[in-house]
Amino acid sequence: MSKKVLFINQEITPYVSDSDMALLGQQLPEFFQAKGQEIRTFTPKWGTINERRGQLHEVIRLSGLNINVGGLDHQLLIKVASIPASRVQVYFIDNEEYFHKRKMEIDENGNEYADNGQRAIFFARGVLETVKKLRWTPDVIVCQGWMAAIVPIYLKMVYNEEPCFADAKVVTNLFGNNIKGEFSSDTKECVELEAVTAETLEPYNNEFDLKELLKLAVDYSDAVCVASPEADAEIVDYAKSKNIAIHENTGVEAYQAFIENL
């Protein structure tokens with residue numbers, strides 16, 4: 001049965017280097033689209049992405065919203081391009097402070113950005129607000145990478161009454177972690193939004209690091225895919241302890257069958 005699938009990817013080839021995550025970020029949307037399924041694909045507009053080479057252009061009608069993170073407003077910019085070989089359209093979430101002139105996880109000196117947690121919050125809300133504007137109703141939402149890990153809780157607790165998200169199933173794909181994820185001390189507080197209160201987040205450590213972020217993603221997902229043999233064993237075991245579907249990645253065709261059976 002055909003389903004509408006929203007892919008929220010931290011990395012996508014050819015816009016970033018060919019990591020396992022970036023390759024799957026390209027392969028899954030291409031495969032689903034080739035099979036005649038309706039898709040939408042989102043990724044951050046990292047500062048390393050060359051807009052002219054990638055032929056990105058801003059979508060004015062979708063840009064301009066201010067998203068508050070940690071008490072500060074950050075303007076949402078939406079850009080779009082198509083992967084040349086497959087014509088898969090990709091929406092890019094951009095912001096001057098969080099993405100425009102900055103690399104992915106680490107700065108020029110090899111240090112992780114202290115506000116990586118806030119960047120993930122902005123990215124999650126930017127994607128969901130844009131899908132609302134598109135008036136598009138996905139059946140399944142696939143989240144890849146720590147940058148997409150805030151999406152499941154916001155879908156289940158903040159955007160759950162939005163008509164376009166009310167019936168959507170959420171899948172989190174687990175990969176190897178390329179950062180330590182020692183986020184700033186206010187990250188957990190910044191996650192709070194409407195129904196996502198301090199009480200909601202009480203089960204998670206106040207030192208809200210990468211592991212806590214991934215546990216949060218698992219807890220609010222309907223299914224989990226172990227998408228890489230390098231996936232954190234602790235988080236995989238945590239997912240298996242929950243009453244949710246678990247898929248071991250065995251290629252795009254098996255993944256499609258997994259999605260269709262949700």
Side-chain angles (χ1 to χ4, degrees), residues 4-19 21-30 32-33 38-69 72-108 113 115-138 141-151 154-155 159 162 164-165 173:
K4 297 178 181 178
V5 185
L6 171 61
F7 294 98
I8 306 176
N9 297 323
Q10 177 176 307
E11 306 171 23
I12 300 178
T13 301
Y15 303 106
V16 301
S17 301
D18 292 348
S19 66
M21 189 187 302
L23 288 169
L24 196 62
Q26 177 189 18
Q27 292 166 356
L28 286 176
E30 287 183 343
F32 276 69
Q33 180 169 282
E38 191 174 338
I39 66 163
R40 296 289 187 275
T41 305
F42 283 80
T43 194
K45 211 299 289 181
W46 305 111
T48 53
I49 296 174
N50 187 302
E51 294 192 30
R52 185 172 62 178
R53 187 180 305 132
Q55 299 183 9
L56 278 67
H57 63 272
E58 186 176 350
V59 185
I60 302 298
R61 68 182 179 87
L62 298 176
S63 295
L65 178 70
N66 283 328
I67 293 177
N68 190 285
V69 180
L72 297 175
D73 284 340
H74 301 270
Q75 188 178 51
L76 175 64
L77 302 175
I78 304 297
K79 296 172 182 177
V80 70
S82 294
I83 299 175
S86 61
R87 308 310 300 169
V88 165
Q89 189 177 64
V90 179
Y91 290 92
F92 295 84
I93 298 293
D94 200 3
N95 170 263
E96 185 73 24
E97 294 87 4
Y98 284 144
F99 300 113
H100 186 62
K101 295 181 180 179
R102 299 170 66 181
K103 300 173 71 175
M104 294 178 62
E105 301 94 351
I106 59 175
D107 62 21
E108 292 77 7
Y113 294 110
D115 63 352
N116 274 340
Q118 287 88 337
R119 297 169 89 199
I121 293 166
F122 178 87
F123 176 63
R125 293 189 61 194
V127 171
L128 298 175
E129 290 292 340
T130 304
V131 174
K132 276 176 54 181
K133 281 191 175 182
L134 290 171
R135 298 183 179 179
W136 188 69
T137 306
I141 299 172
V142 177
C143 302
Q144 294 203 151
W146 62 267
M147 276 294 296
I150 298 290
V151 170
Y154 284 171
L155 277 167
Y159 292 83
E162 293 289 343
C164 58
F165 297 125
N173 289 352

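Residues Gln26 and Phe7 fail the side-chain proximity criterion, which asks for heavy atoms closer than 4.5 Å. Here the side chains of Ile121 and Tyr154 are in contact, with some heavy-atom distance below 4.5 Å. Residues Thr130 and Val59 are not in side-chain contact: their nearest non-hydrogen atoms beyond the backbone lie 4.5 Å or more apart.
Between Leu76 and the options Asn95, Asn66, Ile67, Leu62, a side-chain contact (heavy atoms from CB on, under 4.5 Å) holds for only Ile67. When each of Leu134, Leu65, Ile78 is tested with Glu129 by the rule side-chain contact (heavy atoms from CB on, under 4.5 Å), just one qualifies, namely Leu65.
Of all non-hydrogen atoms in Asn116 and Glu105, the two that sit nearest each other are ND2-O, 3.2 Å. Nearest heavy atom pair, residue Pro138 against residue Leu6, reads CB-CB, 3.9 Å. Contact detail for Gln75 and Phe122: the closest heavy-atom pair is O-CZ, 3.7 Å. Nearest heavy atoms, Lys45 versus Leu56: CG-CD2, 3.6 Å. Counting all heavy atoms, side chain and backbone alike, Pro29 lies closest to Thr41 at CB-OG1, 3.6 Å. Pro44 and Phe123 make their closest contact through N-CE1, 3.5 Å (heavy atoms, listed as atom of the first residue, atom of the second, distance).
Tyr15 and Phe92 have perpendicular rings, their planes meeting at more than 60° on a 0 to 90° scale where under 30° would count as parallel.
Here Glu162 pairs with Lys132, Tyr159, Cys164, Phe165 under the side-chain contact (heavy atoms from CB on, under 4.5 Å) rule; sequence neighbours left out. Legend: residues meeting side-chain contact (heavy atoms from CB on, under 4.5 Å) with Asn68, ordered by chain and number and at least two apart, are Asp73. Take Ser63 and apply the side chain to side chain donor-acceptor pair (under 3.5 Å) test, not counting sequence neighbours, and it matches Glu58. Residues meeting the side chain to side chain donor-acceptor pair (under 3.5 Å) test with Tyr98, sequence neighbours left out: His74. In this view, Glu96 satisfies the side chain to side chain donor-acceptor pair (under 3.5 Å) rule with no residue, not counting sequence neighbours. Judged as a side chain to side chain donor-acceptor pair (under 3.5 Å), and not counting sequence neighbours, the contacts of Glu11 are Ser19.
The line from CD1 of Ile12 to CZ of Phe42 is 10.5 Å long, rounded to the nearest 0.5 Å.
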Side chain to side chain contact (heavy atoms under 4.5 Å, CB included) between Glu30 and Ile83, intermediate numbers included: CA-CA 9 Å; Glu30 287 183 343; Ile83 299 175; 3.7 Å; yes
Stepwise side chain to side chain contact (heavy atoms under 4.5 Å, CB included) check, Asp94 with His100: CA-CA 6 Å; Asp94 200 3; His100 186 62; 3.6 Å; yes
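No hydrogens or angles considered: a donor-acceptor pair under 3.5 Å links the side chains of Asp18 and Thr13.
Crowding of Gln55 atom CD: a count of heavy atoms from other residues, nucleotides or ligands under 6.0 Å not exceeding 12.
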